[in-house]
There are 2 protein chains.
Amino acid sequence: MSEELSPRAQRLRDTGYKLTNARLTVLNVLESHGGHMTSTQVLDEVDKIDSEIGRASVFRALDLFTRLSIIRPTYIDSSTTPTYVMLPGGHHHHIICTNCNRVIEFEDCHLGQLETELERQLNVRLTGHLLEFYGLCDRCS
Amino acid sequence: MSEELSPRAQRLRDTGYKLTNARLTVLNVLESHGGHMTSTQVLDEVDKIDSEIGRASVFRALDLFTRLSIIRPTYIDSSTTPTYVMLPGGHHHHIICTNCNRVIEFEDCHLGQLETELERQLNVRLTGHLLEFYGLCDRCS
DNA sequence: TTTTTTAATGAGACATTGTATCATTTCGTT
DNA sequence: AACGAAATGATACAATGTCTCATTAAAAAA
Ligand SMILES: [Zn+2]
Ligand SMILES: [Zn+2]
Ligand SMILES: [Zn+2]
Ligand SMILES: [Zn+2]
């Protein structure tokens, strides 16, 4: 019985973490959604797929994936629950409208050079990044 | 009786918001601390200065300052309360160690050009940004 | 200065989100 | 199959954030 393993699942195992049902389900939910999800949304979706999976395990998976730079929590507007966003290829970028909270995604960040520079200068090993611009979108400005 | 107004307080008023005791106290706490603060830390500090100020007003101030790109909530590790960080000059940058959660600040981002480009391309008006790199710090790598 | 208007406040009950504990299960290995 | 470690799920709990509404105070107007 050979299961299909997504590259991220593969990576989980290679890093020494067990491939459990809870983790794979949360990962699956995040991957198939793609965009920004709140913890509550993830909990709901996971529950639809397998209601046996416990609340705590979902949060534990979100923690783990964050540590692995698979996802990253961020805020759209303040003081609400964070949204978790996938970091495919290790990075993600968006503009958040501070008036209507619309999120505009964009692709190119040209940060590879800065990343390399920082790694050398500070002797760190970087695995991902999140770049957020704030301001007014076309409708609000 | 002419009060000293910090540039940010000035800006608050210019934008049409009232300069209330609650807002000025929260702003003062954030400015004098400088670094990353959780909502709980802000609540505590505000309480020390003026215990009359209510919990809700502190959260309301944090919301407002976020909308104005004076501060920005961000996550050090996942699933904990966010930390609010000042965006002096409209931006802030750091590296977060995904193992020990240490935060390393750095200055240069070279994002002015990208900012201008995005403003033109997408017809938005940008007021600030936050750039976060994730990875292992020198001690952890 | 006094009045007026209206945004903002504070109290505190409430709702939501995240965490801790621990007995039990599951994964990966031997 | 048997083992040990890692992870789980249930659930009670703690922490964080929100809502309502009567009252207050800031800024503008008179
Ligand atoms: Zn995004
Ligand atoms: Zn990037
Ligand atoms: Zn570290
Ligand atoms: Zn910058």
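Within every chain, numbering begins at 1; the chains are lettered A, B, ... in the order of the sequence lines, protein sequences first and strands thereafter.
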Chemist: Hydrophobic clusters here meaning ILVMFWY residues chained together by side-chain heavy-atom distances under 4.5 Å, can you tell me if A:Val46 and A:Leu64 are in one?
Modeler: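 They do share one cluster, since a chain of ILVMFWY contacts under 4.5 Å joins A:Val46 to A:Leu64.
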Chemist: Whether B:Thr40 contacts D:dA15 is assessed here as follows: a side-chain N or O lying under 4.0 Å from the phosphate OP1 or OP2. Is that the case?
Modeler: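 It does not, given that no N or O in the side chain of B:Thr40 lies less than 4.0 Å from OP1 or OP2 of D:dA15.
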Chemist: It should be established whether B:Thr81 places a side-chain nitrogen or oxygen under 4.0 Å from OP1 or OP2 of nucleotide D:dA15.
Modeler: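 No, outside the criterion.
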Chemist: Look at B:Ser57 and C:dA8 and indicate whether a side-chain polar atom (N or O) is within less than 4.0 Å of OP1 or OP2.
Modeler: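 False: B:Ser57 side-chain N/O out of range (4.0 Å or more) of C:dA8 OP1/OP2.
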Chemist: What is the distance, rounded to the nearest whole Å, between atom CD1 of B:Ile76 and atom P of C:dG18?
Modeler: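 Answer to the nearest Å: 16 Å.
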Chemist: Once you round it to whole Å, what is the distance between C1' of D:dG9 and CZ of A:Phe59?
Modeler: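 Rounded to the whole Å, the gap is 14 Å.
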Chemist: Starting at atom CE of A:Met37, determine the distance to atom C1' of C:dT17, rounded to an integer number of angstrom.
Modeler: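 For the pair A:Met37 CE and C:dT17 C1', the rounded distance is 16 Å.
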Chemist: If you define the side chain from C-beta out and look only at heavy atoms, does anything of A:Cys109 sit under 4.5 Å from A:His91?
Modeler: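 A side-chain contact under 4.5 Å exists here.
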Chemist: Pick base, sugar-phosphate or nothing for A:Pro73, based on heavy-atom distances below 4.0 Å to the nucleic acid.
Modeler: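 The answer is nothing, as A:Pro73 stays clear of every strand by at least 4.0 Å.
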Chemist: Are B:Ile96 and B:Leu87 linked, directly or through intermediate hydrophobic residues, by side-chain heavy-atom contacts shorter than 4.5 Å (ILVMFWY only)?
Modeler: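 No; tracing contacts between hydrophobic side chains, which count when under 4.5 Å, never links both residues.
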Chemist: Between D:dA27 atom C1' and B:Arg23 atom CZ, what is the distance in whole Å?
Modeler: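 Going from B:Arg23 (CZ) to D:dA27 (C1'), I get 13 Å.
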Chemist: Find out whether B:Asp47 and B:Ile53 are in side-chain contact, i.e. whether some heavy atom of one side chain is under 4.5 Å from a heavy atom of the other.
Modeler: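 The answer is no, as the side chains (C-beta and beyond) never meet within the 4.5 Å cut-off.
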Chemist: Rounded to whole Å, how long is the line connecting atom CG of B:Leu62 with atom P of C:dT9?
Modeler: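 Rounded to whole Å, this separation is 12 Å.
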Chemist: Taking CZ in A:Arg11 as the centre, count heavy atoms belonging to other residues, nucleotides or ligands within less than 6.0 Å. Is the count above 12?
Modeler: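 Check passes, neighbour count above 12.
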Chemist: Side-chain heavy atoms under 4.5 angstrom apart, residues restricted to Ile, Leu, Val, Met, Phe, Trp, Tyr: same cluster for A:Phe106 and B:Leu130?
Modeler: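 No.
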Chemist: Pick the closest DNA chain D nucleotide for B:Asn21 and for B:Tyr75 by heavy atoms, then say which residue is nearer the 5' end.
Modeler: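 Nearer the 5' end of the strand: B:Tyr75.
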Chemist: Nearest whole Å is fine: how far is C:dG10 P from B:Asp50 CG?
Modeler: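 Going from B:Asp50 (CG) to C:dG10 (P), I get 8 Å.
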Chemist: On DNA chain C, nearest-nucleotide positions of A:Pro82 versus B:Leu64: which is more 5'?
Modeler: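 Closest to the 5' end, via its nearest nucleotide, is B:Leu64.
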Chemist: For DNA chain C, determine which residues of residues 7-20 of chain B have any heavy atom closer than 4.0 angstrom to one of its atoms, and list them numerically.
Modeler: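 Heavy-atom contacts with DNA chain C come from B:Tyr17, B:Lys18, B:Thr20.
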Chemist: Would you mind telling me which residue lines up with the more 5' stretch of DNA chain C, A:Tyr84 or B:Gly54, judged by nearest nucleotide?
Modeler: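 Per heavy-atom nearest nucleotide, the more 5' residue is B:Gly54.
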Chemist: Would you indicate what B:Ala56 reaches in the nucleic acid, counting non-hydrogen atoms under 4.0 angstrom: base, sugar-phosphate, or nothing?
Modeler: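 Answer is base: heavy atoms of B:Ala56 come under 4.0 Å of a base.
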Chemist: Distance to the ring centre below 6.0 angstrom and angle to the axis at most 45 degrees; does that hold for B:Arg23 and B:Tyr17?
Modeler: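 No cation-pi geometry.
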Chemist: With distance as the sole criterion, do the side chain of B:Arg60 and the base of D:dG17 form a donor-acceptor contact below 3.5 Å?
Modeler: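 Not at all, since no donor on one side and acceptor on the other fall under 3.5 Å apart.
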Chemist: So, for A:His93 and A:His110, is the gap between ring centers shorter than 6.0 Å?
Modeler: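 Here the rings of A:His110 and A:His93 have centres that are no less than 6.0 Å from each other.
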Chemist: Rounding to an integer number of Å, can you tell me how far A:Asp44 CG sits from C:dG18 P?
Modeler: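 Checked: the CG to P distance equals 13 Å.
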Chemist: Name the nucleic acid region contacted by A:Arg55, choosing base, sugar-phosphate or nothing; use a 4.0 angstrom heavy-atom cut-off, strictly under.
Modeler: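 Here A:Arg55 touches the bases of the nucleic acid.
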Chemist: Between A:Glu52 (CD) and C:dT24 (P), how many Å, whole number?
Modeler: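 From A:Glu52 CD to C:dT24 P: 17 Å.
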